[in-house]
Colleague: 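Structure in structure tokens, see below.
The structure displayed is predicted, hence computed values, not measured ones. Convention: sequence-line order gives letters A, B, ...; per-chain numbering from 1. No hydrogens, no waters, no symmetry mates; every other heavy atom, side chains included, goes into these values.
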2 protein chains.
Amino acid sequence: MEKQKIPTRVVPRLSRYYRILREFDDKSWISSRELSVETGFTDTQIRRDFTYFGHFGNRGKGYNVEELKKSLKKILGLDKSWNVMLVGAGNLGKALLGYKGFLEQGFKIVAAFDEDTSKIEKNIAGITVYSMSKLVDIVKEKQIKMAILTVPENVCQEVAEQVVASGVKAIFNFAPKQLKLPVDVKVRHIDMTVEIERLSFMVSRQ
Amino acid sequence: MEKQKIPTRVVPRLSRYYRILREFDDKSWISSRELSVETGFTDTQIRRDFTYFGHFGNRGKGYNVEELKKSLKKILGLDKSWNVMLVGAGNLGKALLGYKGFLEQGFKIVAAFDEDTSKIEKNIAGITVYSMSKLVDIVKEKQIKMAILTVPENVCQEVAEQVVASGVKAIFNFAPKQLKLPVDVKVRHIDMTVEIERLSFMVSRQ
DNA sequence: CAATGTGAAGAAATTCACAGCA
DNA sequence: TGCTGTGAATTTCTTCACATTG
């Protein structure tokens, strides 16, 4: 059961269901139809998505909000908290240090790194900025398991390799560059240029 | 030809091809095989993607870098420049005002808006922050065609509606909330929480 | 030859249609 | 009856295999 292949697009939808459920504290039961209205996905798809992980529903009633929330939380790996580091304390990096959304889901940024000496040892949003040379030590010391990369494009491959060398196997990359890393390193890439260009494509075409 | 249905996943790939080509100024010709190495997509897929828009290649030679770049630029709607506004000059908003990647592709942020009076009439990265009440006038005056939304989740639907009421039909949303807008309004949504949760899922599972 | 371009096959994701259960 | 859960059908996307062309 743990090994079953999950269609890739299921996961972001789970994340969205989970968010909606957090807004539904007043209800005890919710049907796939109601979730459909909230999320814009079809009710069939929602039920299908759940079947990859088990049987969460009650026929005739729907899903118990609390239970479903707990199940999704577990599936998404949000039942434990993550120590995270941020590498690259530029504009975007600083903004993310202050972003509440991560912490709320258990992603705790415990250290930041930058090579600019003027930033080092300073605090941003309560998080200390360290020199890159301390990366390995601090990863170990603070048990860091995930890295957010907000470094310039021209150094991101190199920085990613340093991160991987420190033992971190999960990278959240904001640089507009595809990383080439060992297959066991998990990477998510937010590429703002790609996204704005998709928008531009949509508008230009219609 | 203009009306042919384009598979949704083709577009972000085009954007990636386009970026790679910009790094290949020294070469005059590039093959789908070479593009494949750079992008990680298969050569077949790359050729297939291009066929949706015409015949760009030369058998035996590959693609002319300059021509292909120009074609992709046109397809993605980057051959003209876009006047863009940013709504919500918080941490993330400020970071995006200073982001060079948008301007390079012709997305010019010409105004920012915020309801916090302490920010109004100030300059951030050379861009003036206006009161929300001026939105409609400035959209008209500056011919704004796209909006970047970096407002808190609890107001983003409302703000998005204001934006749409001003006549803007392209929205780039960073708030962790699905917008419900008329179908003719094009929306792209960057949802950082969804992305970090995908990462957490990947790591938790493997 | 060295590459593109593309029908046809195959795989993946979604939706239909309905059986099954509280 | 109201809803879930799921085989089967369908649609969408990707890859294979190869004909085609400079």
Side-chain angles (χ1 to χ4, degrees), chain A residues 1 3-17 20-21 24 27-72 75 194 198 201-202, chain B residues 1 3-17 20-21 24 27-72 75 194 198 201-202:
Chain A
M1 185 206 266
K3 283 294 180 64
Q4 198 202 334
K5 176 83 171 45
I6 308 301
T8 35
R9 266 110 111 236
V10 169
V11 184
R13 287 196 297 265
L14 295 182
S15 193
R16 297 262 299 275
Y17 307 146
I20 295 296
L21 290 172
F24 271 70
K27 279 182 74 113
S28 348
W29 296 90
I30 195 165
S31 67
S32 55
R33 191 89 258 299
E34 290 169 292
L35 268 173
S36 166
V37 172
E38 291 303 316
T39 58
F41 303 118
T42 65
D43 55 343
T44 310
Q45 180 156 63
I46 293 168
R47 293 196 301 278
R48 171 75 66 193
D49 285 349
F50 292 157
T51 64
Y52 294 110
F53 303 94
H55 306 242
F56 301 122
N58 295 53
R59 293 179 203 244
K61 271 190 126 174
Y63 301 88
N64 179 289
V65 173
E66 272 316 306
E67 270 178 33
L68 182 56
K69 218 192 301 187
K70 203 180 291 176
S71 302
L72 289 175
I75 291 166
V194 168
R198 289 176 81 165
F201 172 86
M202 290 192 278
Chain B
M1 185 207 267
K3 285 293 179 63
Q4 198 203 331
K5 177 81 170 48
I6 308 301
T8 35
R9 265 114 108 236
V10 169
V11 184
R13 286 197 297 265
L14 295 182
S15 193
R16 298 261 299 275
Y17 307 147
I20 296 296
L21 290 172
F24 271 71
K27 278 181 74 113
S28 347
W29 296 90
I30 195 166
S31 67
S32 55
R33 191 88 260 295
E34 290 170 291
L35 269 173
S36 166
V37 172
E38 291 303 316
T39 58
F41 303 118
T42 66
D43 56 342
T44 311
Q45 181 156 61
I46 292 169
R47 294 198 300 278
R48 171 73 68 194
D49 284 349
F50 292 158
T51 64
Y52 294 109
F53 303 94
H55 306 241
F56 300 123
N58 296 53
R59 292 179 201 244
K61 269 190 128 174
Y63 301 88
N64 178 290
V65 173
E66 272 315 307
E67 270 179 33
L68 182 56
K69 217 193 299 187
K70 203 181 291 175
S71 301
L72 289 175
I75 291 165
V194 168
R198 289 175 80 165
F201 172 87
M202 290 193 277

Colleague: Tell me the interatomic distance from D43(B), atom CG, to dG5(C), atom C1', rounded to whole angstroms.
Modeller: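 Distance, rounded to whole Å: 12 Å.
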Colleague: Figure out the CZ/P separation between R48(B) and dG7(C), and round it to whole Å.
Modeller: 8 Å
Colleague: dG2(D) P sits how many Å from I30(A) CD1, rounded?
Modeller: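 About 18 Å, once rounded to whole Å.
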Colleague: Using a cut-off of 4.0 Å on non-hydrogen atoms, how would the nucleic acid contact of R9(B) be classed: base, sugar-phosphate, or nothing?
Modeller: sugar-phosphate
Colleague: For G60(A) and P7(A), find the nucleotide of DNA chain C closest to each by heavy atoms; which residue's nucleotide sits nearer the 5' end?
Modeller: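 Comparing both residues, the 5'-ward one is P7(A).
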Colleague: Between P on dA2(C) and CG on N64(B), what's the gap in Å once rounded to a whole number?
Modeller: 21 Å
Colleague: Testing the 3.5 Å rule here: is there a donor-acceptor pair between the side chains of T39(A) and R16(A)?
Modeller: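 No, because no side-chain N or O of T39(A) sits under 3.5 Å from a partner of the opposite role on R16(A).
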Colleague: Are L21(A) and Y63(A) close enough that some pair of their side-chain heavy atoms sits under 4.5 Å apart?
Modeller: no
Colleague: Tell me the closest heavy-atom pair linking R13(B) and D49(B), and the distance in Å.
Modeller: NE-OD2, 2.7 Å
Colleague: If you take all heavy atoms of T51(B) and R48(B), which pair is closest and at what distance?
Modeller: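 Scanning both residues, the minimum pair turns out to be OG1-O, 2.6 Å.
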Colleague: Considering only dT15(C), dG5(D), dT6(C), which nucleotide approaches the side chain of Q45(A) most closely?
Modeller: dT15(C)
Colleague: Does any N or O donor sit under 3.5 Å from an N or O acceptor when you compare the side chain of R33(A) with the base of dG2(D)?
Modeller: no
Colleague: Whole angstroms only, please: what is the CZ-C1' distance between F41(B) and dT15(D)?
Modeller: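 For the pair F41(B) CZ and dT15(D) C1', the rounded distance is 15 Å.
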Colleague: Choose from dG5(D), dT14(D), dC13(D) the nucleotide whose nearest atom is closest to any side-chain atom of T51(A).
Modeller: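 So the nucleotide nearest the side chain must be dG5(D).
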Colleague: State, to 0.1 Å, how close F41(B) and Y17(B) come at their nearest heavy-atom pair, and which atoms those are.
Modeller: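 So the two residues come closest at CD1-CE2, 3.7 Å.
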Colleague: Should the side chain of R59(A) and the base of dT4(D) be counted as holding a donor-acceptor pair, with the cut-off at 3.5 Å?
Modeller: yes
Colleague: In whole angstrom, give the distance that lies between atom CG of L68(B) and atom P of dA3(C).
Modeller: 16 Å
Colleague: With respect to the phosphate group of dT14(C), does any side-chain polar atom (N or O) of R13(A) fall under 4.0 Å of OP1 or OP2?
Modeller: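 So the side chain of R13(A) is within the cut-off, an N or O lying under 4.0 Å from OP1 or OP2 of dT14(C).
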Colleague: Return no unless some side-chain N or O of T42(B) is found under 4.0 Å from OP1 or OP2 of dT15(D).
Modeller: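 Yes, because at least one side-chain N or O of T42(B) sits under 4.0 Å from OP1 or OP2 of dT15(D).
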Colleague: For N58(A) and for D49(A), locate the closest nucleotide of DNA chain C by heavy-atom distance; then report the residue assigned to the nucleotide nearer the 5' terminus.
Modeller: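 Comparing both residues, the 5'-ward one is D49(A).
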Colleague: Would you kindly give the CD1-to-P distance between I6(A) and dT14(C), to the nearest whole Å?
Modeller: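 Roughly 13 Å, once rounded to whole Å.
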Colleague: What is the distance, rounded to the nearest whole Å, between atom CG of L35(B) and atom C1' of dG5(C)?
Modeller: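 Taking CG of L35(B) and C1' of dG5(C), I get 15 Å after rounding.
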Colleague: Check every strand shown and say whether T44(B) touches a base, only sugar-phosphate, or nothing at a heavy-atom separation below 4.0 Å.
Modeller: base
Colleague: Tell me whether E67(A) is salt-bridged to K70(A), with the criterion being a basic N under 4.0 Å from an acidic carboxylate O.
Modeller: no
Colleague: Which of the following nucleotides, dG5(D), dC16(C), dA8(C), is nearest to the side chain of R47(A)?
Modeller: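 So the nucleotide nearest the side chain must be dG5(D).
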Colleague: Tell me what F50(B) touches on the nucleic acid: a base, only sugar-phosphate, or nothing, going by heavy atoms under 4.0 Å.
Modeller: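 Counting heavy atoms under 4.0 Å across all strands, no contact is made by F50(B).
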Colleague: Side chain of Y52(A): nearest nucleotide among dT14(C), dG7(D), dT4(C)?
Modeller: dT14(C)
Colleague: Please determine whether a side-chain nitrogen or oxygen atom of T8(B) lies at a distance below 4.0 Å from atom OP1 or OP2 of dT12(D).
Modeller: no
